[in-house]
Every structure is written in structure tokens, then in C-alpha cells.
4 protein chains.
Amino acid sequence: MNILLVGDICGRTGRTALLKYLPALKKEKSIDVAIINGENSAAGRGITKNTLDELYRAGADIITSGNHIWDKKEIVNFIDQEPFLIRPANYPDPAPGKGFCIYPLKAKNIGVLNLSGRAFMPPMDCPFQKVDQILKKLTRECDIIILDFHAETTSEKIAMGWYLDGRVTCVVGTHTHVQTADEQLLPQGTAYITDLGMVGPRVSVLGMEKDAIIERFKTCRPVRFETAEGPAVFSALAVNIDDKTNKAVHLERILINEAYE
Amino acid sequence: MNILLVGDICGRTGRTALLKYLPALKKEKSIDVAIINGENSAAGRGITKNTLDELYRAGADIITSGNHIWDKKEIVNFIDQEPFLIRPANYPDPAPGKGFCIYPLKAKNIGVLNLSGRAFMPPMDCPFQKVDQILKKLTRECDIIILDFHAETTSEKIAMGWYLDGRVTCVVGTHTHVQTADEQLLPQGTAYITDLGMVGPRVSVLGMEKDAIIERFKTCRPVRFETAEGPAVFSALAVNIDDKTNKAVHLERILINEAYE
Amino acid sequence: MNILLVGDICGRTGRTALLKYLPALKKEKSIDVAIINGENSAAGRGITKNTLDELYRAGADIITSGNHIWDKKEIVNFIDQEPFLIRPANYPDPAPGKGFCIYPLKAKNIGVLNLSGRAFMPPMDCPFQKVDQILKKLTRECDIIILDFHAETTSEKIAMGWYLDGRVTCVVGTHTHVQTADEQLLPQGTAYITDLGMVGPRVSVLGMEKDAIIERFKTCRPVRFETAEGPAVFSALAVNIDDKTNKAVHLERILINEAYE
Amino acid sequence: MNILLVGDICGRTGRTALLKYLPALKKEKSIDVAIINGENSAAGRGITKNTLDELYRAGADIITSGNHIWDKKEIVNFIDQEPFLIRPANYPDPAPGKGFCIYPLKAKNIGVLNLSGRAFMPPMDCPFQKVDQILKKLTRECDIIILDFHAETTSEKIAMGWYLDGRVTCVVGTHTHVQTADEQLLPQGTAYITDLGMVGPRVSVLGMEKDAIIERFKTCRPVRFETAEGPAVFSALAVNIDDKTNKAVHLERILINEAYE
Ligand SMILES: [Fe+2]
Ligand SMILES: [Fe+2]
Ligand SMILES: [Fe+2]
Ligand SMILES: [Fe+2]
Ligand SMILES: [Fe+2]
Ligand SMILES: [Fe+2]
Ligand SMILES: [Fe+2]
Ligand SMILES: [Fe+2]
């Protein structure tokens with residue numbers, strides 16, 4: 001079984017790049033399931049029904065998210081109807097949507113879980129406590145378990161990787177929009193990367209127009225941001241899972257950089 | 001000219017790995033200058049005279065640092081006597097030590113500058129204002145200019161990269177201890193990477209014993225940390241600079257992962 | 001019934017001031033129960049068995065605390081044996097100690113609860129969820145319920161006041177060490193103050209030597225702090241509770257400022 | 001000379017309360033100058049030309065502000081034309097507007113200065129460095145100097161009070177919207193209070209509708225805030241300054257609480 005994990009899709013440039021690269025990659029790498037972080041798909045902030053449909057049309061099978069999931073208000077109108085769109089499971093109860101889903105494929109159940117970190121992020125429920133609690137269920141019902149841990153600091157993400165090593169199939173980080181080079185099999189067999197990176201415009205700061213962000217850093221005053229355009233980066237991780245053991249056996253980090261014009 | 005930039009050296013394991021890999025790399029890659037971030041070299045926090053000497057003996061030519069530079073008190077006794085040991089230039093005046101140095105080599109002046117970010121870090125002087133001010137001098141006096149931008153967030157680092165594109169030879173990030181995969185030549189020719197990553201123990205959280213860090217995340221109570229041991233990771237970036245134009249022409253990201261035992 | 005709530009006791013100067021003012025106040029105001037925040041009683045950080053005993057000898061009946069409770073390691077040796085020493089209830093399970101206690105007096109049960117805020121503080125369990133859960137028990141078993149909400153921001157404290165208005169007898173804030181002037185009966189009858197203020201040295205910053213704190217703000221470097229000495233401030237709130245209705249009927253804010261020398 | 005300092009005016013309720021109480025107070029207390037923090041006067045966020053005019057019509061002589069000053073975009077159209085409207089002086093250069101002004105009255109020059117803290121606030125220029133620099137000028141040109149230090153933490157505000165004790169006439173804090181009870185003459189004669197408190201709706205969290213704020217704390221999701229209405233609080237400090245020595249000799253804290261309905 002081959003699973004492709006794709007980082008935060010940023011705005012139109014990100015959606016276009018997804019459509020351009022994902023179908024070919026799925027063929028080339030014999031991908032069975034594509035898990036995509038969509039929290040920035042609608043103009044860099046949030047998800048609309050339209051951008052969600054674009055992600056599905058590009059080949060996304062499961063959509064994870066993060067802190068930006070609520071930025072477009074219409075999300076609450078459809079999140080409960082989408083079986084394979086999830087948001088961090090550690091939002092306090094009751095929150096719209098769900099924090100994990102089970103995707104059936106080839107006689108296997110793939111559990112996909114989304115959590116948010118708390119270091120330099122909103123003080124949600126403890127992701128470590130929450131994962132223990134959810135794994136009681138997922139471990140019983142799933143053959144493969146994947147976590148998208150949407151967090152700011154490398155320390156919280158790495159800590160989560162070690163915490164789950166041997167307990168889940170794969171832990172990937174998202175949120176910082178820069179791919180890290182530390183993809184690896186941890187000693188107990190869990191596939192891990194600190195951050196998948198984004199799919200979005202290269203000439204940008206995390207997908208947003210760079211000059212506005214620089215201005216905000218320089219002035220300490222509020223500045224209006226727009227999504228950037230131009231050449232894209234596409235960031236993903238392919239994980240090959242042994243069909244007998246259900247364990248990750250190989251990782252391939254994928255980073256496509258379109259040339260600067 | 002070939003410059004090697006090495007990320008935060010963490011504790012004894014980091015110093016040992018530096019000694020093990022740096023001399024061979026310098027030969028193999030024909031490195032002319034090695035710039036090393038030493039802020040965590042003494043038991044994970046700070047620099048002592050002894051650990052500084054170890055870094056030099058391993059082949060470091062210039063030592064940069066960051067927020068942990070002050071953790072071992074003895075630093076203030078020797079920092080002003082060390083011509084090639086620098087700390088972030090945006091500490092408020094007057095601070096011990098200096099924020100940049102000029103290293104003469106082969107009839108060229110290599111300016112090396114250290115700055116700290118402010119997002120989720122202490123509120124030091126503005127790194128963007130400060131770099132403008134220092135570059136007035138360095139641009140006049142140096143052929144090659146390298147910045148170690150010690151910062152937490154990808155957004156502040158990337159913003160700095162764009163801010164300096166075409167104005168300096170190379171911008172590298174440090175502080176998160178995880179190497180990013182985005183090494184590149186920016187459109188105006190500046191070599192850039194968001195984070196070099198660390199040199200330290202792999203079975204750890206940023207160099208420190210993992211179980212203690214996990215416990216702190218789970219309990220929200222203070223926990224005592226020690227540096228970890230075991231197999232090391234060595235993270236660096238080699239930048240080849242054209243001798244005529246003084247511009248970066250090629251980058252090679254280096255990541256050595258010792259096997260988990 | 002008259003209850004006296006006293007803010008964070010800071011170091012030796014705070015303990016001495018408590019001993020000087022509390023016994024007389026208890027007599028003068030016919031105080032039945034004195035609830036004291038002791039988190040800073042041991043050299044400004046934490047509680048030892050000795051400083052705890054001093055608080056009791058000065059007349060404390062119940063001791064609340066906050067984020068500094070763990071700073072002296074010996075706390076874990078005795079916190080479980082102290083029936084009337086509590087720590088924020090929203091530390092993740094399992095934590096040493098307990099988050100509330102029930103103090104029996106004059107045929108009434110006084111429930112005292114301690115919670116920590118999360119804005120600009122460690123990301124503990126949600127204090128709003130936690131208080132709902134604990135109140136299910138306390139409401140059944142207690143006649144009077146007092147909350148010490150140890151939090152940084154005025155917004156989180158005020159929000160908690162409104163959240164509990166009419167559900168508990170009294171909500172007092174602690175942690176900022178400065179008494180606020182907004183003591184009042186909220187519309188549904190809950191007695192409220194945003195912060196009690198501290199008992200400690202006036203010539204200080206929150207109880208610590210002022211020059212060191214100023215130096216830290218000016219240098220952005222780590223600075224060693226010691227507790228300050230000299231004239232004290234004593235900060236408290238007396239709440240008169242109607243014996244028939246068990247509702248707060250009158251508040252008196254108490255602020256004793258010893259003269260600057 | 002009598003100076004009245006009034007805390008953050010919050011929305012329509014705050015402006016109405018200002019109009020209701022300020023003129024009478026100015027007469028009753030023989031106030032010569034009224035200094036008002038206006039950062040929240042326009043719907044709780046920012047200042048418009050209209051709300052500014054309302055503040056002046058109510059009797060404001062000088063308007064200070066804080067982090068919210070930029071929230072209504074039109075501010076940049078008129079801030080440079082308003083001689084007595086100031087914003088924190090430690091915004092990085094160049095920023096619209098000015099950080100201090102000199103108000104001439106009765107053959108005296110009253111220097112009014114505005115600074116922002118940095119603890120849990122944007123990383124602006126250092127307020128301690130900045131105040132040293134500005135005081136060089138103001139000390140020469142002014143008889144009386146007043147600082148509105150707009151900051152979050154009690155520690156940064158108190159540190160500033162001690163830093164300026166004996167160097168300026170008066171230091172008042174703003175931003176937390178809750179009046180503190182620690183008004184005093186510091187040992188070297190500077191009048192000081194940690195926070196003036198707000199002028200705005202009592203049934204609110206810092207002026208905003210309380211249920212929305214509680215919901216945000218409970219859900220960790222974005223929630224839209226509106227200003228609250230209903231009975232008002234009016235918070236101020238009157239400082240009497242000796243005409244011969246130009247030193248503060250007496251402080252009177254003013255807190256008007258309209259009854260809950
Ligand atoms: Fe995110
Ligand atoms: Fe994102
Ligand atoms: Fe480091
Ligand atoms: Fe660092
Ligand atoms: Fe505290
Ligand atoms: Fe305290
Ligand atoms: Fe305000
Ligand atoms: Fe403010």
C-alpha cells in the first residue's frame with residue numbers, strides 16, 4: 001500500500017499545482033490513498049465547498065486541516081456532511097466536524113487522525129492525552145494509522161513522533177509550510193517527518209505576498225495580506241506500507257520546485 | 001571558495017560528531033571556511049571556553065550563536081577576546097561581544113553576521129532594521145557576506161531571506177534544530193535555507209532527553225532536562241561561491257544520520 | 001460568615017507581613033476563614049514545608065497556589081498530605097495534590113477551588129470545562145464556593161467571573177501581584193475581583209528585586225532574580241456572606257501600604 | 001495644576017460615558033488638562049475622525065493610544081494633522097503620527113509621551129531605550145512630563161515606573177482595561193498607577209460582548225466580537241501638581257460604576 005501525504009495547499013496557486021502534479025504522481029508512484037492538508041486552500045485561509053471540491057477533483061482522498069479550518073465561515077455548513085474531511089481532534093467538545101476518520105481500502109481500514117499542537121498556538125485540549133484516548137478506538141478498528149500533527153514548534157512535533165513510535169504507522173507534521181529533511185523510520189517503525197511543507201507559491205512567505213509580510217515585521221503594525229502567485233512548490237511524502245505487517249517500510253520525500261521566472 | 005555552514009552543536013554528542021565528521025568533510029568538499037553555530041555546545045545550553053576550544057579544534061573557523069549564548073555565565077569573561085565568536089547583533093546596546101566579524105581569506109573579506117528573530121523569542125532590536133544598518137558597513141568592506149538568522153518561525157526566516165536576496169551571499173536559519181529541505185538560490189542569487197538543523201543526538205528532542213520533554217508537554221509542570229546520547233545527526237550546508245563574482249553558484253545540503261542502535 | 005482572601009505571599013517579606021497583619025485583621029474583621037495564595041512564599045518561587053507552616057502559623061486556613069507551586073521540588077513530598085493546600089485543578093491528570101478542598105465550618109461546607117488561566121500561561125486543561133465538571137460535585141456538597149483563578153490576563157479572569165456569576169459565591173483572581181480596584185457583586189450575586197494583589201516588598205517588581213528585572217527588560221538576556229526587601233504591601237479582600245442565603249452581600253478591599261523609607 | 005488621566009474609551013458606550021462624566025469632573029476637580037486614551041473609541045478598535053472629534057467635544061485635551069490605533073484605516077489620513085493625538089513612540093521608524101507632544105498651558109510646557117510594552121505584545125522598539133532618548137529632549141523643553149505606558153503585564157509597567165521614578169511627573173498604565181488600586185507617589189516623587197482602567201460597558205469583557213469572549217475561550221475557535229452596551233464604568237486618575245516644584249503631590253483615583261440594571 002502506498003500513501004501520499006501532501007502539505008498545506010495554499011490558495012489558487014496551491015490548488016492549481018495540486019491539479020498539475022497530483023494525478024501524475026499518483027500514477028507514477030502507484031499511490032493508493034492521497035491525504036491532503038487543505039486548511040489554506042481558500043485564498044490562504046480556510047476551506048470553502050468549492051475549494052474542497054477542487055481538492056477532491058485533483059485526487060485527494062482524505063482532507064486534513066488545522067487552525068485555519070474555521071476562517072471561511074461556510075465550513076460549519078458542510079463539515080459534518082464530509083466523511084473524509086477532518087479537523088484537529090483536540091478542539092474542545094463540542095466542535096463541528098470530527099478529528100479522525102476511517103477510510104476503507106483493499107480490505108484494510110486506514111485511520112487518519114488530525115491533531116493540533118499547543119506551543120505558540122491556541123490552548124486546545126492536550127494532544128498527547130487526546131491521541132492516547134483516540135488510539136484506543138483506532139488501534140482496535142484500523143490496520144494502518146496516520147497522524148497529521150499540525151503544530152508550530154519542532155520540539156512538540158518531534159516529541160509526538162517519539163511518543164507514538166511503534167504505536168501508529170506514520171506521523172507527519174504540517175503548519176510551518178516548509179518541508180523538513182528529516183523523513184525517517186523511527187526505531188520502532190513509525191514513519192516520521194517534522195513538516196511536509198506546503199503546496200503554494202514559491203515567491204511568498206508561507207503562501208502570502210512577501211512584501212506585505214516583510215512590512216508587517218518591519219512596522220509592527222497590522223498589514224493586509226493577499227495570497228501570492230507565480231511558480232509553485234509542491235511538497236509531499238510517499239510512504240510505502242508492507243501489506244503483511246501494515247508497517248511503513250520506505251519513505252520518499254517529494255519536493256517539486258518550479259523555476260523562478 | 002567553498003563555505004560550510006553547520007547548525008547548532010548540541011552537547012557532548014554534538015561536539016563528538018563535529019570532530020568525527022567536520023575534518024573529513026572539509027577535505028572532501030574542499031571547504032575553505034567552516035561556520036558553526038555553537039550556542040548549545042556546553043551541555044545543550046551555552047558555550048564555555050572548553051567547548052569553544054573543542055569547536056575550534058574540530059575545524060570551526062567562525063562560531064555563531066543565538067539565544068542560548070548567555071546560559072553559561074563564563075561567556076562574558078571571554079566573548080570579547082574571541083575575534084571569530086559572534087552573537088546576535090540585535091541584542092540591545094551595550095551587550096558583551098559583537099554581532100558580526102570579518103574573516104580575511106585568500107585576499108577576500110568574508111563578513112559573517114548573526115541576528116536573532118523576534119517571533120516567539122525575546123523582543124530584541126528589530127533584525128530588519130539592524131541588518132540594514134550593519135550592511136552599510138559590511139557591504140563596503142566585504143566581498144562575501146553570510147548571515148546566520150537564529151529564529152523560531154519559518155515566516156520570519158523566509159521574510160529575511162527575501163529581504164536580503166541580492167544583498168548578501170548567503171542566509172541560513174538556525175534554532176529549530178531540524179534541517180529544512182528548501183535550500184536554494186533565490187532569484188537575485190542569495191543562497192538560502194530556512195534551517196541548517198543540528199549536530200547532536202538523534203534519539204532526542206532538539207538534543208535533549210526525549211522522555212523529559214514529553215513529560216513536560218504532558219504535565220505542564222517544570223521538568224529537568226539533560227542532553228541525550230546515542231547516534232548522532234550531522235546537519236550542514238556547503239555553499240560554493242564563484243571567485244570572480246563572489247556570488248553563490250551551488251548549494252549542497254548535507255545530512256548524516258547515524259543508524260539507530 | 002466572613003471570609004478573607006489574601007493574594008500571593010512573596011518571600012520572607014511577604015511571610016513577615018502576613019504574620020504582622022493577618023492575626024489582627026482576623027480579629028478586627030471577625031474573619032472566620034482566611035484563604036491565602038502561597039505560590040511565591042519560598043524565596044519568591046514555590047512553597048516549602050517550612051514556609052507552608054509559617055503561613056498556617058500566621059492564620060491561614062486554606063492555601064491556594066498557581067504556576068509556581070512546583071518550583072521547590074520538595075512540594076511533591078508533602079502536597080498529598082496537606083488537606084487544605086490546593087493547586088490549580090486543571091493540571092493534567094495525574095498531578096500531585098488536588099485542585100479543590102472542602103473546609104467544614106460552623107455546620108457549613110466551604111468549597112475552595114483553584115484554577116489556572118491559559119492566556120500567556122502553560123496550556124493546561126481548559127479552566128472553563130474543568131470548572132463545570134468540578135462544580136457538579138461542589139454544588140452538591142458545599143454551601144459556599146470560592147474560586148482562586150490564577151491567570152495573567154484581565155480578559156480571561158473577567159470572562160471567568162461572568163461565566164460563574166450566580167453559580168459560585170466568590171471569584172478572585174491572583175498571579176499579577178497588583179490589586180485591582182474592581183471588587184464588586186456581579187449582577188447574579190457572585191463576589192468578584194480581577195486580582196487580589198500580593199503580600200510582599202513594595203520596592204520590587206512583583207516581589208523581586210527591581211533592578212534585576214529592569215536589566216532583563218533592557219538587555220533581553222537572562223538575569224538572576226532575588227526577592228526584594230523593605231516596606232511591604234498587604235493585599236486582601238474581605239467577603240461577608242449571608243448565613244441564611246450563603247450569598248456574598250458585602251466586599252471590602254484591603255490594601256495596606258507600609259511607608260517607603 | 002490638575003491633570004486628569006482617563007483610561008481606554010471603549011466604543012459608543014465609552015464615548016457616551018465620557019461625555020456624561022468628563023465635563024462635570026473637570027469642573028468639580030478643577031482639571032486643567034484631560035489626557036484620554038482613545039485607542040478603542042471606534043467600535044472597540046481604533047479611532048476614526050468622528051470618534052476623535054467626540055473625544056475632543058467631551059473635553060479631551062490630549063489623546064493617547066496603543067496597539068489598536070491602526071485598526072481603522074482612516075487613521076493614517078489624519079494622524080499627522082492632529083497635534084495632540086499621539087501613538088506609542090516605540091513603533092519603528094518611520095510610522096505615521098508621533099509618539100509625544102508638548103502641550104503649552106499657563107506658561108508651562110506639558111510633555112505627554114506614549115509608549116507600548118513588549119511582553120505579550122508586538123516586538124516594537126525597546127520602550128526603555130526609547131524613553132531615555134525622548135526624555136533628553138522633553139526634560140529640556142518641558143516642565144511636566146506624563147507617560148501613558150500601554151502594556152500588558154504588571155511587571156513591565158512596574159519596572160517602567162521604577163525606571164522613571166524621579167525623572168518624570170507621572171507614569172500611568174493602560175491596555176488591560178481594569179483599574180488597579182496601586183496609585184501612589186513613588187519614593188522619588190513620580191505619580192504612578194499600573195492601569196487606569198477603561199471607560200466602557202460594565203457587562204462586558206474589556207468592552208466587548210461577554211458571551212462571545214467566553215465562547216472563544218471555550219472553543220479555541222475564532223469568534224466575532226461586538227462592543228457591549230449597558231451601564232458604564234468610568235476610570236480615571238486625577239494628579240495634582242505643585243505649581244512651584246512641578247512635582248506630583250497628590251493622586252486621586254476615580255472609579256464610577258453605573259448600577260447593573
Ligand atoms: Fe496552520
Ligand atoms: Fe497552513
Ligand atoms: Fe539551538
Ligand atoms: Fe536557539
Ligand atoms: Fe503565578
Ligand atoms: Fe504569584
Ligand atoms: Fe485598550
Ligand atoms: Fe491596547
Side-chain angles (χ1 to χ4, degrees), chain A residues 117-120 126-129 132 152-163 165 173 175-188 193-195 197-198 202-206 208 210-220 230-231 233 235 253-255 257 259-261, chain B residues 117-120 126-129 132 152-163 165 173 175-188 193-195 197-198 202-206 208 210-220 230-231 233 235 253-255 257 259-261:
Chain A
R118 302 197 293 183
F120 308 136
C126 174
F128 294 88
Q129 291 178 305
D132 283 346
E152 175 67 35
T153 66
T154 50
S155 67
E156 196 172 12
K157 286 164 165 176
I158 293 171
M160 184 60 83
W162 288 118
Y163 192 61
D165 183 22
H175 179 68
T176 71
H177 290 208
V178 176
Q179 190 174 77
T180 56
D182 63 341
E183 79 282 2
Q184 61 187 284
L185 290 175
L186 295 174
Q188 304 305 318
I193 190 168
T194 293
D195 206 287
M198 75 167 173
R202 289 189 75 189
V203 184
S204 76
V205 177
L206 315 193
M208 309 310 278
K210 70 184 173 58
D211 293 335
I213 305 280
I214 290 171
E215 191 190 341
R216 194 198 49 177
F217 278 122
K218 289 190 70 176
T219 64
C220 298
V233 62
S235 311
R253 193 164 46 70
I254 295 162
L255 185 63
N257 276 308
Y260 289 125
E261 279 137 9
Chain B
R118 303 197 292 184
F120 308 136
C126 174
F128 294 88
Q129 291 178 305
D132 283 347
E152 175 67 34
T153 66
T154 50
S155 67
E156 196 171 13
K157 287 164 165 176
I158 293 171
M160 184 60 83
W162 288 117
Y163 192 62
D165 183 23
H175 179 66
T176 70
H177 291 207
V178 175
Q179 190 174 78
T180 56
D182 63 341
E183 79 282 2
Q184 59 186 286
L185 291 174
L186 295 173
Q188 305 304 319
I193 191 169
T194 294
D195 207 287
M198 74 166 174
R202 289 188 76 189
V203 183
S204 76
V205 176
L206 315 192
M208 310 310 279
K210 70 184 172 58
D211 293 335
I213 306 281
I214 290 171
E215 191 190 341
R216 195 199 48 178
F217 278 122
K218 289 190 70 176
T219 63
C220 297
V233 61
S235 310
R253 192 163 47 69
I254 295 162
L255 185 62
N257 276 308
Y260 289 123
E261 280 138 8

Check whether any side-chain heavy atom of B/Asp132 lies under 4.5 Å from a side-chain heavy atom of A/Lys218, and answer yes or no.
yes

Which bit of A/Val233 comes within less than 4.5 Å of chain B, counting heavy atoms only: side chain, backbone, both or neither?
neither

About how many Å separate CD of B/Gln179 and OG1 of A/Thr194, when rounded to the nearest 0.5 Å?
11.5 Å

Gap between atom CZ of B/Phe128 and atom OG1 of A/Thr219 - 0.5 Å precision:
11.0 Å

Chain A contact via B/Arg202 - side chain, backbone, both or neither, heavy atoms under 4.5 Å
both

How far does CD of A/Glu152 sit from OG1 of B/Thr176, to the nearest 0.5 angstrom?
10.0 Å

Nearest-0.5 Å distance, CG of residue A/Asn257 to CD of residue B/Glu183
8.5 Å

Would B/Lys210 and A/Asp165 pass as an ion pair if we require N to O under 4.0 Å?
no

Where on A/Arg253 is there a heavy atom nearer than 4.5 Å to chain B: the side chain, the backbone, both, or neither?
side chain

Hey, could you give me the CG/CG distance between A/Asp195 and B/Asp195, rounded to the nearest 0.5 Å?
12.5 Å

Would you mind telling me which of A/His177, A/Glu156, A/Gln129 has the largest number of heavy-atom pairs within less than 4.5 Å of chain B?
A/Glu156

Please round to the nearest 0.5 Å and tell me the distance separating atom CE of A/Met208 and atom CD1 of B/Ile158.
13.0 Å

Could you tell me if the side chain of A/Trp162 sits less than 4.5 Å from the side chain of B/Asp211, heavy atoms only?
no

If you define the side chain from C-beta out and look only at heavy atoms, does anything of A/Leu186 sit under 4.5 Å from B/Tyr260?
yes

Measure A/Ser235 against the heavy atoms of chain B and call it side chain, backbone, both or neither at under 4.5 Å.
neither

Side-chain touch A/Phe217/B/Ser155, heavy atoms, less than 4.5 angstrom
yes

Shorter than 4.5 Å, heavy atoms on both sides: which option in B/Thr153, B/Val203, B/Leu255, B/Asp182 has the most such pairs with chain A?
B/Val203

